[in-house]
There are 2 protein chains.
Amino acid sequence: MTADDRSLPLRERKRLRTRRAIADIALRLFTEKGFHATTVEELVGEAEVSRSTFFRAFATKEAAAVEAETELWTTYLGELADRRPSGPVLAGLCDTLARTAGVLPPDWDHRYMATRRLILTSPALLGHVEYQRTGVERQVVACLAEKLGLDPDDLRLRILAELATTAWSVAARDWVRDGGDGGRQALTDRLRDAFAAVPDALNLSPGAS
Amino acid sequence: MTADDRSLPLRERKRLRTRRAIADIALRLFTEKGFHATTVEELVGEAEVSRSTFFRAFATKEAAAVEAETELWTTYLGELADRRPSGPVLAGLCDTLARTAGVLPPDWDHRYMATRRLILTSPALLGHVEYQRTGVERQVVACLAEKLGLDPDDLRLRILAELATTAWSVAARDWVRDGGDGGRQALTDRLRDAFAAVPDALNLSPGAS
DNA sequence: CAGATTCTGACACTCAGTCTCAATAATGCA
DNA sequence: TGCATTATTGAGACTGAGTGTCAGAATCTG
């Protein structure tokens, strides 16, 4: 899947290299000047590709900004598909997310943190990742329904898929806020904490802290 | 809050009437021709207002399409703010949503169903409502944190806020699919079912249907 | 009715995203 | 290696959403 994979045809390698180059430059420019203030025109100038090439690599300006986020969820869905169901489903999703965090490439940390920080500054980006998230959840539900032999409309599956992404979201938010201190281990620790908080949340009542 | 409220100054009444007229025509045109295929130009022609007026009433084309959805969440936040915390928080959120469904104006049903159907046809609209949803959840967390004297970053609050909107979402999806049969009562029944499914979801394991 | 305030419409402008077409680069096969 | 096939690129024109300005009209206050 990487641009240096010699097994891939040259055409494909070039395409992936261009895509990666654009995403890197996009993240840098958006961080420096702001997402809204940076035009696609400037971006493609810096990347030395044409507008056409940009929009062939990414459907929207937003998509170029959140490439690291996309990698995360693509990997998550891949890991989930490979997995055999055993034990409580929610725990399984927690493990899958932890495994995902372990499998992502080393340079992903920095890109993801930059992306998340960027998202905090731009409604358009938040909108884009939230939209992306619903797509991921839909696929998780479909995958689980298939494996467990359940109706894809089962209320419980949707609740589980949503809880998993929420737990990630909360864990990642705090991890990013602390500058990624403690690396992937810290991230997975926070993730387990977030999943552990779910039963507590259901029992939460006023007065009982 | 309605355009016919005589206690409001004339200016305000006109503004609300215009807003409502635009939203109604938008929903009709988008349903007839498709969201993407309908331009703002056509819309304002039909509504007999200028482009400027349109964008003063609604920040984006999407916002005009999902006005009924916006009414729902605005009402929800209002009901939540009025409420005193008692008993389990999740049950409280369920009650608040049920109450919200009861408080919305009679013509809301049709507009909401048309809106939800429209959303299924357009990624841009789905993105918009999902973005809107995160804003609502953020406000719910802030409101609950205030009332319960908890940290707004408390993991459990975010989980609860998310579960509530998920439960609504699932309940409304099925209700809309069945054409709103059974009216508001059917909607609140489905809502209670969805909330009831939450503990089941947590215990879900392969094999146990 | 007069003056202050707010709303409206008209118009020009920027920029994202789409489409077409000709030139170029990679591939597969003789 | 040479050649036909196929995918990729860059250039440029086009649509449409969203913004800013400004003059004039409608509403509000006294």
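When reading the values below, keep in mind they use all heavy atoms of this one structure, side chains included, and skip hydrogens, waters and symmetry mates. Keep in mind it's a predicted model, so treat the numbers as computed, not measured. Here is the naming used below: chain letters follow the sequence lines, and residue numbers restart at 1 for every chain.
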Checklist line | Between dA26(C) (C1') and R13(A) (CZ): distance, integer Å | finding: 11 Å
Check: Are T166(A) and E162(B) linked by a side-chain donor-acceptor pair shorter than 3.5 Å?
Finding: yes
Item checked: S169(A) side chain vs T165(A) backbone, donor-acceptor pair below 3.5 Å -> no
Note to self: Keeping R184(B) on the side-chain end and L104(B) on the backbone end, is there a donor-acceptor pair under 3.5 Å?
What the structure shows: yes
Check: Does R20(A) pair with E67(A) as a salt bridge, N-O distance under 4.0 Å?
Finding: no
Check: Looking at residues at least two apart in the chain, or sitting in another chain, which of them share a side chain to side chain contact (heavy atoms under 4.5 Å, CB included) with R173(B)?
Finding: D153(A), R158(A), V170(B), R177(B)
Checklist line | Geometric class of the W73(A)/Y76(A) ring pair [parallel <30°, tilted 30-60°, perpendicular >60°] | finding: perpendicular
Check: Separation of E12(A) atom CD from dA7(D) atom P, in whole Å?
Finding: 12 Å
Kindly give the atom pairs (protein nitrogen or oxygen, nucleotide nitrogen or oxygen) under 3.5 Å for nucleotides 10-14 of chain C.
{"unit_1": "dA10(C)", "atom_1": "N7", "unit_2": "S52(B)", "atom_2": "OG", "d": "3.2"}
{"unit_1": "dA10(C)", "atom_1": "N6", "unit_2": "S52(B)", "atom_2": "OG", "d": "3.1"}

Checklist line | K14(A) side chain near dA26(C) phosphate (N/O to OP1/OP2, under 4.0 Å) | finding: yes
Next item on the list: Measure the distance from NE2 on H36(A) to P on dC15(C) and round it to the nearest whole Å.
Entry: 9 Å
Item checked: Value in whole Å for how far the C1' atom of dC7(C) lies from CZ of F58(B) -> 16 Å
Item checked: Sole residue of L77(A), L148(A), L80(A) in side chain to side chain contact (heavy atoms under 4.5 Å, CB included) with C143(A) -> L80(A)
Next item on the list: Would you kindly check whether a donor in the side chain of R15(A) faces an acceptor in the base of dT9(D), or vice versa, at under 3.5 angstrom?
Entry: no
Next item on the list: Using whole Å, report how far CD of E41(A) lies from P of dA16(C).
Entry: 8 Å
Margin query: Does E62(A) reach a base, just sugar-phosphate, or nothing at all? Heavy atoms under 4.0 Å.
Written below: sugar-phosphate
Margin query: Between T134(A) and E130(B), do the side chains contain a donor N or O and an acceptor N or O under 3.5 Å apart?
Written below: no
Next item on the list: Measure from CZ on F55(A) to P on dC15(C) and round the result to the nearest Å.
Entry: 13 Å
Next item on the list: Say whether E69(A) and T115(A), considering side chains only, have a donor N or O and an acceptor N or O under 3.5 Å apart.
Entry: no
Next item on the list: Report the relative orientation of the aromatic rings in Y112(B) and W168(B); use parallel for angles under 30°, tilted for 30 to 60°, perpendicular for over 60°.
Entry: perpendicular
Next item on the list: Counting heavy atoms from C-beta on, name the nucleotide in dG18(D), dA7(D), dA16(C) closest to the side chain of T60(B).
Entry: dG18(D)
Item checked: Rounded interatomic separation in angstrom, taking CZ from F54(A) and P from dG10(D) -> 13 Å
Protein-nucleotides 1-4 of chain D N/O pairs under 3.5 Å:
none

Next item on the list: Could you check which residues of residues 26-34 of chain A get a heavy atom under 4.0 Å from DNA chain D? Sort them by number, please.
Entry: none
Check: Given atom NZ of K61(A) and atom P of dA17(D), what is their separation to the nearest angstrom?
Finding: 18 Å
Side-chain donor-acceptor pairs of residues 25-37 of chain B under 3.5 Å, sequence neighbours excluded:
{"unit_1": "R28(B)", "atom_1": "NH1", "unit_2": "E32(B)", "atom_2": "OE2", "d": "3.4"}
{"unit_1": "R28(B)", "atom_1": "NH2", "unit_2": "E46(B)", "atom_2": "OE2", "d": "3.2"}
{"unit_1": "T31(B)", "atom_1": "OG1", "unit_2": "L27(B)", "atom_2": "O", "d": "2.6"}
{"unit_1": "K33(B)", "atom_1": "NZ", "unit_2": "E42(B)", "atom_2": "OE1", "d": "2.9"}
{"unit_1": "K33(B)", "atom_1": "NZ", "unit_2": "E42(B)", "atom_2": "OE2", "d": "3.3"}

Next item on the list: Kindly write out the residues that satisfy side chain to side chain contact (heavy atoms under 4.5 Å, CB included) with R56(A), not counting sequence neighbours, or none if the list is empty.
Entry: S52(A), T53(A)
